[in-house]
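Only one structure is covered here, and it is reproduced in the block below.
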Amino acid sequence: MLSADAVRLDIRVEMPLHMKADGLSATGVRTVEPVTFSIPASYPWQSPRVSLRADFPRTFPHLLPGASDAPPRPCLVDGDQNEFFLQFGLVEYGLFHLVEQMAVWLRKAAISDLIDPAQGWEPMMRRSLVDVVAIDAEAARGAVRKAGGYVAWRARFLRRGERDGQLLADASAWIDSGALKTPLNREDGTLFTGSRVSNGVSRGATVVGIMWPDKPPSGGELINDRYLPEDVTDLQGLRTRAELYGCARSLDLFLSSVSRCFEGYHIDAVIPVGVILCVRRPFHLIGSSSTVELLPYIIELRPFAGRKALLAYGDDEPVAPALHFQALTPGLLRTLSGAPKRAPLALLGCGSVGSKLALHAARAGQPIVAVSDNGWLRPHNMARHGLGPGRDGTNKAEALAGELRELGQETAHNVEDIAFGLRDGDLRTQIVPASAKLVVNATASLAVREALTATTRPRDRNRQIEAALFGRGRVGYLLIDGADHNPNHCDLMAELYATVDDPEVASLLFDPDEGLAEVQIGQGCGSLTMTVDDAQLSMMTAGLAKEINKADDQRDKDGAIVIGISGSDAPTMRWSRRTVPPFETVAIEGSDGWHLRIAARVAERIRSEAASFKNVETGGLMVGLSSARLKSVTVVDILDAPPDSERSATLFLLGTQGLRKSIESRHLASGRTLFDVGTWHSHLADEGPSATDWNTAADLAISRAPPSILLIVTPRRFHALIAKDKAVG
């Protein structure tokens, strides 16, 4: 008899003629099926509840969980039925489409077409369940062996419900496990714990049992090809289901082992325990290459003092079928992000930029093997740091590593000064582990940049990227080194100073208050704290993260400079990318191991100009940077020879007319970052430095601030020298 809030419809089911003649399909569907639509009190804000006749066959996929004595309920739509119903503006349309979906469902059920084997096995419908077991599905499937058995994993739980509450009624549980195998040992007091968090909420430690079927008497593997709705409600029902799937012996062994853990031991808390039945299906599951379906359940133990039994109600103990949520792993995050598998990353600098870059990478499933920073999280960092105030007063690297571990990462942290640590052999292997194939420097530190450059060898098989913001967070850059780390980050920074041609970027880059020159050179070993809001910084670091991913996914042999700038009054961004070929390296004769590094475009310009003067020597002035720590002079520009310069077949004399003004103008245009680092001239023949050249070098050393390099270009090669009696540094 129908209640006043229910409507019954007799739906004529389409099926083949020979089935119609019998009045029943081969699967047990009648030619006319009674379907009940129960109208909820919140109608029309909620969809009607649809159910079939009580004796409708239950061996179909797409049946919702429910007790065996309740009418079966079909799953009619892929997604939330309420959302499906409400998408139609008129209630009548919503009802019509629900009835239409029901008719389609019955037609497919009649001919056993609710699932396409080519698509895969439809996992048992578990929608609308409230209890949860979160585990790594692939790890669970990987535990399955040919012979029957079980394995126990450590887990933790959160339970909602009073002490006397029961599953399926007024209590629910969430269990998650990191797939850490454990023996069920009575002496291990850490396996099972429980404590009250607040009214009706408790949490603690527990286990999850993963169990798989015994071999059938005929040998081989037990494969179950029968669909059943989820109707387990008690321990007896779970035992019956385990018997059907060949897991009864494993279930009994697991429960017996758990019971032994509590012999002579009690806890004043209800302890939920997870049970996973692993069922082999005839073909792979939808969305997986595996044929093993995981069926999770939760049982509650009551290990109280003075108890009569651990399972207080025996075979009537409530058992809750549970939803399976994939455990939080990098693989899950990578899948949801649609990201490819990327190289393991080491991060230098865990401040605002570094922390956000790390979290972007981790949430895309990229392994982060190490993070390094010797700073501490302070209250003012909370204005824009990736971490919240709960980690105040802790080291930045330690705090970030802790957050990353909660995202499934296995991240080591280093709290040493990075510039020092990179120069220490043992510490460097911790800051940049061999497993790190991508190194991101987010320190905004000249000292770290130079230390990383100085300690990186051409054979080191990692790609290095420097990332930073400047100009109140409006501009960001990436320096991406080339193959064999040429160009390196110091080369690329000099190249950035020399070639920036966007007036707005240049203005912000060389801003004395907020520009990069002030941050990198003025501060030396640490960046200034910019005044910028979190939204701006987050927007720019997200853009940097995307560009880092692009550089990692599409590795070029050349280096690159990537610059992004956001609008001054709108959340818009534009990005530019320029490749930078390897720099040419020339040993500097007369020095103590110094070398000259020349940008490829500058080397080409020098050679081109030398070739244009076929019968006389020519030359000019070199502009760039120098570093005593790296023992390098980097050339990223040249200035034309003054008009009073003298050229002959055997000599080039650099003039002085307007030279000082030209040098000063170039220095100011670079934001006071680039300097006169020496001169160059050509030789018509392939000959090295002459006595005259050495004398010229000596004169340069007297008249210019060190180092002052003399570069000689011949038809085949470069020579570089510095006065032998002049100190370099």
Side-chain angles (χ1 to χ4, degrees), residues 353 441-442 444-446 449 465-481 487-524 527-532 536-537 539-541 543-544 547 558-581 583 597-602 605 621-627 634-640 660-677:
V353 173
N441 173 15
S445 162
L446 171 63
R449 183 190 308 136
I465 297 178
E466 181 174 321
L469 301 180
F470 57 93
R472 293 184 180 269
R474 283 192 56 207
V475 184
Y477 76 82
L478 294 181
L479 306 179
I480 306 166
D481 69 353
N488 60 47
H489 289 171
C490 292
D491 298 332
L492 293 166
M493 183 54 69
E495 185 81 345
L496 172 59
Y497 289 145
T499 60
V500 59
D501 55 5
D502 185 313
E504 189 175 17
V505 172
S507 174
L508 293 167
L509 174 64
F510 302 133
D511 185 319
D513 294 323
E514 304 290 347
L516 192 60
E518 179 69 17
V519 171
Q520 296 291 349
I521 295 176
Q523 292 301 295
S527 64
L528 290 170
T529 298
M530 293 182 293
T531 302
V532 54
Q536 176 68 28
L537 187 135
M539 178 177 70
M540 293 302 296
T541 51
L544 290 174
E547 292 294 332
D558 290 338
I561 299 172
V562 178
I563 297 178
I565 181 168
S566 65
S568 59
D569 56 0
T572 58
M573 287 189 292
R574 52 185 169 87
W575 292 86
S576 64
R577 188 179 194 273
R578 188 170 67 82
T579 58
V580 182
F583 276 46
R597 301 182 64 84
I598 310 172
R601 58 181 179 78
V602 175
R605 184 176 164 190
L621 195 78
M622 298 186 297
V623 173
L625 294 171
S626 60
S627 171
T634 304
V635 179
V636 288
D637 203 359
I638 57 174
L639 299 179
D640 294 335
R660 183 177 297 276
K661 183 177 180 181
S662 180
I663 293 172
E664 180 67 17
S665 176
R666 187 67 185 92
H667 177 62
L668 293 175
S670 71
R672 301 178 185 272
T673 61
L674 301 179
F675 301 86
D676 161 18
V677 294

message: Applying side chain to side chain contact (heavy atoms under 4.5 Å, CB included) to Thr499 and Arg601, what does each step give before you reach the verdict?
response: CA-CA 11 Å; Thr499 60; Arg601 58 181 179 78; 3.3 Å; yes
task: Report the C-alpha distance between Arg660 and Asp676 in whole Å, list the side-chain angles of each, state the deciding distance to 0.1 Å, and finish with yes or no for salt bridge (Lys or Arg N to Asp or Glu O under 4.0 Å).
output: CA-CA 10 Å; Arg660 183 177 297 276; Asp676 161 18; over 6 Å; no
- prompt: How close do Ser566 and Gln536 get, heavy atom to heavy atom, and via which atoms?
  reply: OG-NE2, 2.7 Å
message: For a quick test of reading the model, state the closest non-hydrogen atom pair linking Phe470 to Leu508 and the distance between them.
response: CD1-O, 3.6 Å
message: Looking at every non-hydrogen atom in both residues, tell me the closest pair between Leu479 and His489 and how far apart they are.
response: O-NE2, 3.3 Å
- prompt: Given Glu504 and Arg474, is the side chain to side chain contact (heavy atoms under 4.5 Å, CB included) satisfied, shown in steps?
  reply: CA-CA 10 Å; Glu504 189 175 17; Arg474 283 192 56 207; 2.5 Å; yes
message: Between Val580 and Leu492, is there a side-chain heavy-atom distance shorter than 4.5 Å?
response: yes
- prompt: Roughly how far apart are Asp491 CG and Arg597 CZ, rounded to 0.5 Å?
  reply: 4.0 Å
Working for side chain to side chain contact (heavy atoms under 4.5 Å, CB included), residues Glu466 and Tyr477: CA-CA 8 Å; Glu466 181 174 321; Tyr477 76 82; 2.4 Å; yes
- line: In short, Pro487 meets Gly559 closest at the heavy-atom pair CD-N, 3.7 Å
query: Hey, is the main chain of Val562 close enough, under 3.5 Å, to the side chain of Arg577 for a donor-acceptor pair?
result: no
statement: Rounded to the nearest 0.5 Å, the OG1 atom of Thr673 sits from the CE atom of Met493 at a distance of 9.5 Å
task: Check the pair Arg574, Asp502 against salt bridge (Lys or Arg N to Asp or Glu O under 4.0 Å), reporting the backbone distance first and the verdict last.
output: CA-CA 12 Å; Arg574 52 185 169 87; Asp502 185 313; 2.6 Å; yes
- request: Quick one: closest heavy-atom pair of Gly476 and Met540, and the distance?
  value: N-CE, 3.6 Å
message: Nearest 0.5 Å, please: how far is CE in Met622 from CD1 in Ile598?
response: 7.0 Å
task: Using a 4.5 Å cut-off on heavy atoms from C-beta on, say whether the side chain of Tyr497 contacts that of Val636.
output: no
field: Side chain to side chain, Val635 and Val623, heavy atoms closer than 4.5 Å
entry: no
query: Partners of Asp558 by side chain to side chain donor-acceptor pair (under 3.5 Å), sequence neighbours excluded?
result: none
query: Step by step, would you call Leu509 with Val475 a side chain to side chain contact (heavy atoms under 4.5 Å, CB included)?
result: CA-CA 8 Å; Leu509 174 64; Val475 184; over 6 Å; no
field: Nearest non-hydrogen partners of Leu625 and Ala494, listed with the distance
entry: CD1-CB, 3.6 Å
message: Distance check, rounded to the nearest 0.5 Å: Ser627 atom OG versus Leu446 atom CG?
response: 7.5 Å
statement: In this structure, SG of Cys490 is separated from CG of Asp481 (nearest 0.5 Å) by 11.5 Å
- prompt: Does some side-chain heavy atom of Leu544 sit less than 4.5 Å from a side-chain heavy atom of Trp575?
  reply: yes
- prompt: Can you find a heavy atom in the side chain of Lys661 that is under 4.5 Å from one in the side chain of Glu664?
  reply: no
- prompt: Is the shortest heavy-atom distance from the side chain of Ile638 to the side chain of Leu621 under 4.5 Å?
  reply: no
